Amino acid sequence: MTWSDTVFLLPEIILTLGASALLFVPLIGERGAGRSAKWWTLVILGITAASVIVSSNAVVGMTQTATFAAMFALDSFAIFFKLLFLFAIAMVVLMSEDFLRESRYSPWEYYSLLAFALCGMMFMVSGVHLISIYVGLELMSLSSYILAGYYKNEQKSTEAAMKYFILGAVSSAILLYGISLIYGVCGSLNLADIDRAMSTMITNDALMVGIMLLGAGLCFKIAAVPFHVWTPDVYEGAPTPITAFLSTASKAAAFSIFARIFYSGLHHFQLDWSSVLATVSALSMIVGNLAAITQNNLKRMLAYSSIAHAGYALLGIISLNAMGIRGVLLYTLVYVLANLGIWAVILMLRRHEYAGEQVDDFDGLYRRAPFWAFAMVVFLLSLGGIPPTAGFIGKYFLFAAAVQSGFGWLAIIAVLMSAVSMFYYLRIVVAMYLKEGAAAEVSASGSLRFVAAVCLAATLFLGVLPRPLIDQVTYSSRRLLVRALQADGGR
Amino acid sequence: MGFLYQNLSIPILTLVTFVPLIGALWIIFFIRKDNEQSIKRTALFFAIADFVISVPLWIYFDVNGKGDRLFQFREVVDWIPSLGVKYSFGIDGISLLLILLTTLTGVIAIYSSFAAITFRQKEYYALLLMLQTGMIGTFCALDFFLFYVFWEVMLVPMYFVIGIWGGPRRLYAAIKFFLYTLSGSVLMLLSILALYFFNDGGIPFLNIGGLNAGLSFDVLRYHEIGHLIPPNLQFWIFLGFFFGFAIKVPMFPFHTWLPDAHVEAPTAGSVILAAVLLKMGTYGFVRFALPILPDATQQAVPWIVFLSIVGIIYGALVSLVQKDMKKLVAYSSVSHLGFVMLGMFALNPMGLRGSILQMINHGISTGALFLLVGIVYERRHTRLISEYGGLAKQMPMYATLFLIAALSSMGLPALNGFIGEFTILLGVANRSMVWAAFASIGIVLGAAYLLWLYQRVFWGPLDNPANQSLPDVNRRELLTLVPLMILMVWIGIAPKIFFDTIEQPVDYLVRKVDPHYFDRKPLMHPGAPAAAHPEVAEIHQ
């Protein structure tokens, strides 16, 4: 392993060392000092973020674009997502403080697991080889299973972790089986080689089965219908900060590899897989949004809403064009921002364990915490795609991509379902502004205020002045796209 | 002042659009919640300031401007260059009149709320001002993206106004309003996208070639290339626009949100809804559907005319049986907007002119009626017609004002409604006598439900004890109504200046929809013959 190899992997190396160090701190007698755990974690995340920047600058000058037998690339696409994951995890860390203080579990292990999950995500988004993607995915998933069951003594939490683990393991197996079939047909697991092999192939049953199984495994990770049944239970049972993690960072990571595999590996067979994914996307939007309407538990409602959002994001992958890939990047970002903000506001209402999670708990919030109620409205509008919030820009790209690629029927379902989604988002607004509620305290700690304020500012800013972000995603998605389009005869 | 407006050394439309928003932010950030006097004064100040800034728009507007000068006070700045989105403002005569109506309605809505709104005033006035920014922006925008943003932005404040300060079923009404309108507008977004890709690279999957003219949301650009769009694509795009606009108008059978929203909304909300928000739909047809999709428009004529006539008669019949005054006025809107749509889809200068004037008229008359209903509601807290009777004895001034508004709404000559409806009927009759015959049934029914309402509320014995001590209109209420009364008489007696203002835009529209119209029918340009034919006018001068 030479320096040029190391520099590709520098952020992950630093993060792994940091995460391991966090695990060892309690052994040398720091068990009581929970507060410093948060700051140490943030410092590690900060150093990692700095090293991502440093490595990306160092990599620009190199001739090789990937390292470790072309398994690991540090391209602009990966950098965009790595920074996004770092941001999301940092926000989750900030949100977790109160929960950890109450639950009396060791914060060090918790933060360490979050950092390992992050490491997995950062590793897999850099993967240009199905095995490295799989390894990253598993690291993320294993950490998430543990985190979902962090309320060791709560039945709901344990049940959530169990469900998540069993279904997750099955889906990983399906994913692996798909990968093995693709390997059997293409003779390689490197995305570029798969791409090259497929360019000379005609439709092939084994390959089709392989792609379908791979897609099914990925659909489980992004919680698309019909692989979504775990989502509401896990989101409900997991500790709220972990739900925030699962619905933002973890989901963004799954989108990122979904986009990478399908844009740079499998685009030759778009005609074959796009119709299947289009059905999945339509079902996710319909089932997710309709099921969310009837939920009274906010965590379940947001779980169904996240299923619907997986359906929207799939539009960007199905369409396989410049609008689509930019849409995936943009949408992931605005979705993460809005969702983190919502979870921060929910956590402000949370008193202990599961309280503060019913829609009714929001009754009259405008009176108790006018600013945070307003912030909540902005986040919900952003999820609903109403301008001038960032959500509109994201949805705009995805709908445009669908129209441009000829999936008009899918676009019609998408826009109508996004109108339906406003129905249940407005339920929360109704509760906050149009109902009078109990005078329960809102305990907005400094960290939660910070998270909500950052997300609010970003959501509004990117909604009104999206220009810098659009330029950034255009740049970040360019390499992925160039390859997809070149091989496709410049369509 | 004149220098400033003409030479655009200040972005006047931006100013008109965003002054209310500044007011809203000012109220939110600088005034304490319990300082109600100050909140009201500030809101009224910003509304009046906005009106005062908007009036000179008309003074310095060149009514003879055509071609490049049709859209005036242009402001174009790049907003999102990578998508071709521009911050592009500009108005023609149609948007000018609607903007003036909006700024006037804004003042009236705020002033009329001073007594009616008793709680959460800070949010209320801030939301009304935000709503105004959304409405004016929609009328000013000449970029589809920008237009869509303003169009959607309007929804949220209106939702809150209905949902917080509305009547007993406010939640239901607010959500219905929001979802109905949103469903229509997202379909409209798809149509906008289809246009957008047609102008750029086309839609390869559907074998629709594009113009390769790059990414643009410029509305005027699409006015130019509209006739190049293949008819089948025009059909689908028109369908999307139709859903977006017809729900907003609202046309039968998409009108069911309207009575709920109107009945539950507070008075000022109803006034804004009737006077301005409904005009968004008709404005959308005039600005986008007609000039950009001429073939589809021509094809849609029978369908839209059918729905309009059904709307006219259905709305009137339903008004006739209402027990609630506000609901009666709400259904009368369905009928009146049927007229507007009918006149528009006569697709001749007369019909369009009447249609556009009738948009303004409806805003004035129905706005006044809602204000008047609100006045007795504030005193008695009921709107049931059966609760009233003989009010003319107790509230003579109120009875007079109500009579003027009702007569204006039913189209009595010398008041504004007559001019609008008559012009529409002329235009429609020019196209088909049968349509005009059906439409005139609506006029008769309109007189019936309004006069019957008047009779039941104002005449007969004053036998309900609760009504025997009602005070007549006070000074503030009078002040909100007088401007509308003046406009009713003004348009009724001297509509020329209004017709002159919309002369060129109508001419432009007819040429877009039917390029050979003026060749075929050289004599069919009633009203002001010289101005309708610019070439002739120039010779005469």
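We name chains A, B, ... by the order of the sequence lines, and we start the count at 1 in each one. Please read these numbers as outputs of a predicted model, since none were measured by experiment.
- When each of B:Leu189, B:Asp78, B:Ile175, B:Leu179 is checked for heavy-atom pairs under 4.5 Å with chain A, B:Leu179 comes out on top.
- Between the side chains of B:Thr256 and B:Tyr180, at least one donor-acceptor pair of N or O atoms lies under 3.5 Å.
- Shown are A:Val345, A:Leu302, A:Leu298; of these, the side-chain contact (heavy atoms from CB on, under 4.5 Å) with A:Ile428 is made only by A:Leu298.
- In this structure, A:Tyr424 contributes its side chain and A:Gln295 its backbone to no donor-acceptor pair below 3.5 Å.
- With sequence neighbours left out, the ring-ring contact (aromatic ring centres under 6.0 Å, His included) criterion links B:Phe147 to B:Trp151, B:Phe288.
- Salt bridge B:Lys86/B:Asp218: absent, no basic N to carboxylate O contact under 4.0 Å.
- Ranked by heavy-atom pairs under 4.5 Å with chain A, the first of B:Ala194, B:Ser82, B:Pro81 is B:Pro81.
- Looking only at atom types and distance, the side chain of B:Ser88 has no donor-acceptor partner in the side chain of B:Glu75 under 3.5 Å away.
- B:Val85 does not touch chain A: none of its heavy atoms, backbone or side chain, sits under 4.5 Å away.
- At a heavy-atom separation below 4.5 angstrom, chain A is approached by no residue within residues 234-245 of chain B.
- Interface residue A:Phe399: backbone and side-chain heavy atoms are both found under 4.5 Å from chain B.
- Of the residues B:Val77, B:Leu146, B:Leu142, B:Val76, the one that meets the side-chain contact (heavy atoms from CB on, under 4.5 Å) test with B:Phe89 is B:Leu146.
- Contacts of B:Ile192 with chain A are absent, with no heavy-atom separation under 4.5 Å from either backbone or side chain.
- To the nearest 0.5 Å, the span separating SG on B:Cys140 from CZ on B:Phe18 amounts to 9.0 Å.
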Please tabulate, for side-chain N and O atoms in residues 464-475 of chain A, each donor-acceptor pair with protein atoms closer than 3.5 Å (sequence neighbours left out).
from: A:Gln472; atom 1: NE2; to: A:Ser476; atom 2: OG; distance (Å): 3.0
from: A:Thr474; atom 1: OG1; to: A:Arg326; atom 2: NH1; distance (Å): 3.3
from: A:Thr474; atom 1: OG1; to: A:Ile470; atom 2: O; distance (Å): 2.6

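- Top candidate by heavy-atom pairs under 4.5 Å with chain A, chosen from B:Phe160, B:Tyr196, B:Tyr159, B:Phe178, is B:Tyr159.
- By number of non-hydrogen pairs under 4.5 angstrom with chain B, the leading residue of A:Gly385, A:Ala419, A:Gly463, A:Ala402 is A:Ala419.
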For residues 127-134 of chain B, run the donor-acceptor check on the side chains, cut-off 3.5 Å, and write out each pair with its distance to 0.1 Å, sequence neighbours left out.
from: B:Gln132; atom 1: NE2; to: B:Asp50; atom 2: OD2; distance (Å): 3.2
from: B:Thr133; atom 1: OG1; to: B:Thr17; atom 2: O; distance (Å): 2.9
from: B:Thr133; atom 1: OG1; to: B:Leu21; atom 2: N; distance (Å): 3.0

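- Interface remark: B:Leu155 contributes no atoms to any contact with chain A (heavy atom separation under 4.5 Å).
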